[in-house]
Number of protein chains: 2
Amino acid sequence: MPQRNGRTSRRDIYLKLRQMVLTLELAPGAALSENELAASLGVSRTPVRESLILLAQEGLVQVFPKIGSFVSRVDPAQVADAQFLREAVELASLNDLPERLDPAVVEELRGNLNRQQCADLDLEEFFDLDEAFHQGLMRLSGHGNVWTTVAAAKGHLDRARRLGLHENVSPAAFAAQHHEIFEAIVGGNVPLARTAMRTHLRAVFSDIERIRAHSPELFATGASTVPVRRNVVVWE
Amino acid sequence: MPQRNGRTSRRDIYLKLRQMVLTLELAPGAALSENELAASLGVSRTPVRESLILLAQEGLVQVFPKIGSFVSRVDPAQVADAQFLREAVELASLNDLPERLDPAVVEELRGNLNRQQCADLDLEEFFDLDEAFHQGLMRLSGHGNVWTTVAAAKGHLDRARRLGLHENVSPAAFAAQHHEIFEAIVGGNVPLARTAMRTHLRAVFSDIERIRAHSPELFATGASTVPVRRNVVVWE
DNA sequence: CGACAGCTGCTTGTATACAAGTACTTCGCG
DNA sequence: CGCGAAGTACTTGTATACAAGCAGCTGTCG
């Protein structure tokens, strides 16, 4: 429900920064600076600062007063929380599927699945399709708006997934699982859809420990991670 | 995970305003003004404004640029969304109960239930106990932090519940249901716990339509609710 | 050489000034 | 009297100035 927004630069900046964090373009642990961002974006500190506050509430950014702002390291605990949340919600939504599915959404999902099978698929495109697919499933059961909450809470999970897929895995396997879930749903076989969904979501989740072993610096440690201010490099 | 905050006035104001909205001390539809709030709180617009932005992201406040800020009317759709979310999460957490429950949490919950049975119980106290009880159940299954996400998303549901209990219902019935759920869990009877939990959550949810018929002005209508700027009363 | 004080340059938090837009009021005109 | 347009008083969005604090460097002194 976009509150009749004339575009404000805050919203633009918030979305841009959020995208950059989720796509790892801004690496976990990277130092942010309200002044730097403001200068590079050509605006004042105010909208940048307000965007960072929003990202901090989502857990994607950590702000330490008088010290600095940093992209959150991927927190395995938060990844597990998001995994639990999305599994609970997506499985429960399968129980609320109506007798007759909305044909428009079904058609949209079919088109989505077709595009997923394209061979030459950018990784970002695949993530967008994946996101749209799962949200579409929620809409089938009338809970499309709940996906917003889930999406907001799964930032750490998404970043972990990207770390995983950046390694070597092909999206093809996931696309096949999507297809299996979809066919079970349109076939009215809810129990099969449930098991397929659970398998799919847990497959996504299973790689994280391997990734963590490979790139530990991107993950939060148990100790209170005290950030280090980067050395200043003066260039002139 | 409080990021080692020296108390900032923003956090204080955010928590205060949030509490006032959730307890209906600030009624749904009420007009807020950054300037008024700043003056009455003895600070500048900045921390007030940043608090309102956070509340707007939670859906508790709506900000219309160049027009005004308003406490969100209770949106039945968002109430239903929150109901679905919490039911999915709380039922799923019952499946993850460990063999041996954490004795400390069990003891805490027992004390909580005892206090719920006190006859002279302020309504706000009951809500606090209710909140702590449900969060405690989530902690039993190791998903205590997920409750944070659920709590953030159920602002509209909470306000609807308060509207309901402000009418005439006694908390005693809910306390009894809490007890039933708890006993089923410590008894290891997960299926019974599930049905008790489901019954409980839906009982909470069932009164909303009655309340809406009684106080429609507190609820959002389907149409895009265009807020009306209140008349200015100058007094001097 | 080592340690400590102060300086420097950055950080975020808060206050304030200005810009742009809306809606109501009111005044002037037909 | 009816009605429109300028005026006014408020709103939020953005830019800027100042306050307070942390970290590291550096110079000085023991």
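The shown structure was predicted, so the numbers you read here are calculated from the model rather than taken from an experiment. Below, all heavy atoms of this structure are taken into account, side chains as well, without hydrogens, waters or symmetry copies. Each chain gets a letter, A, B and so on, in the order the sequences are listed, and its residues count up from 1.
- For the pair B:Ser33 and D:dT11, the criterion of a side-chain N or O lying under 4.0 Å from OP1 or OP2 is met.
- Using a 4.0 Å cut-off between charged nitrogen and carboxylate oxygen, A:Glu58 and A:Lys154 do not count as a salt-bridge pair.
- In this structure, NZ of B:Lys66 is placed 4 Å from C1' of C:dA20, rounded to the nearest angstrom.
- Listed candidates were C:dA15, C:dT14, D:dG13. Nearest to the side chain of B:Val43 is C:dA15.
- Contact check, A:Asn35 against C:dT11: a side-chain N or O comes under 4.0 Å of OP1 or OP2.
- Distance alone, capped at 3.5 Å, places no donor-acceptor pair between the A:Asp75 side chain and the A:Ala220 backbone.
- Taking atom CD of residue A:Glu34 and atom P of nucleotide D:dA17, one finds them 16 Å apart after rounding to whole Å.
- A donor-acceptor contact under 3.5 Å is not formed by the side chain of B:Arg11 with the base of C:dG13.
- Atom CG of B:Leu41 is separated from atom C1' of C:dG13 by 16 Å (rounded to the nearest Å).
- Under 4.0 angstrom from either OP1 or OP2 of C:dA15 there lies at least one side-chain N or O belonging to B:Ser44.
- Taking atom CD on B:Glu50 and atom C1' on D:dG13, their separation rounds to 13 Å, with Å as the unit.
- Side-chain atoms of A:Arg7 stay outside donor-acceptor range of the base of D:dG13, with no qualifying N/O pair under 3.5 Å.
- As a whole-Å value, the separation of B:Ile53 CD1 from D:dG13 C1' is 9 Å.
- Side-chain nitrogen and oxygen atoms of A:Arg49 include at least one within less than 4.0 Å of the OP1 or OP2 phosphate oxygen of C:dG13.
- The distance between atom CD of A:Glu36 and atom P of C:dG9, rounded to the nearest whole Å, is 16 Å.
- Contact annotation: B:Ser69 reaches the phosphate of D:dT12 (side-chain N/O to OP1 or OP2, under 4.0 Å).
- Atom pair A:Phe70:CZ and C:dT11:C1' shows a separation of 9 Å (rounding to whole Å applied).
- We find that CG of A:Leu32 is positioned 8 Å from P of C:dT12, with the value rounded to whole Å.
- A donor-acceptor pair is defined here as one N or O able to donate and one able to accept, closer than 3.5 Å; no such pair exists between the side chain of B:Thr149 and the backbone of A:Ala153.
- A cation-pi arrangement is found for B:Arg162 relative to B:Phe127, the charged atom lying closer than 6.0 Å to the ring centre and inside a 45° cone about the ring normal.
- Salt bridge annotation for B:Glu125-B:Arg115: absent, with no cationic side-chain nitrogen under 4.0 angstrom from a carboxylate oxygen.
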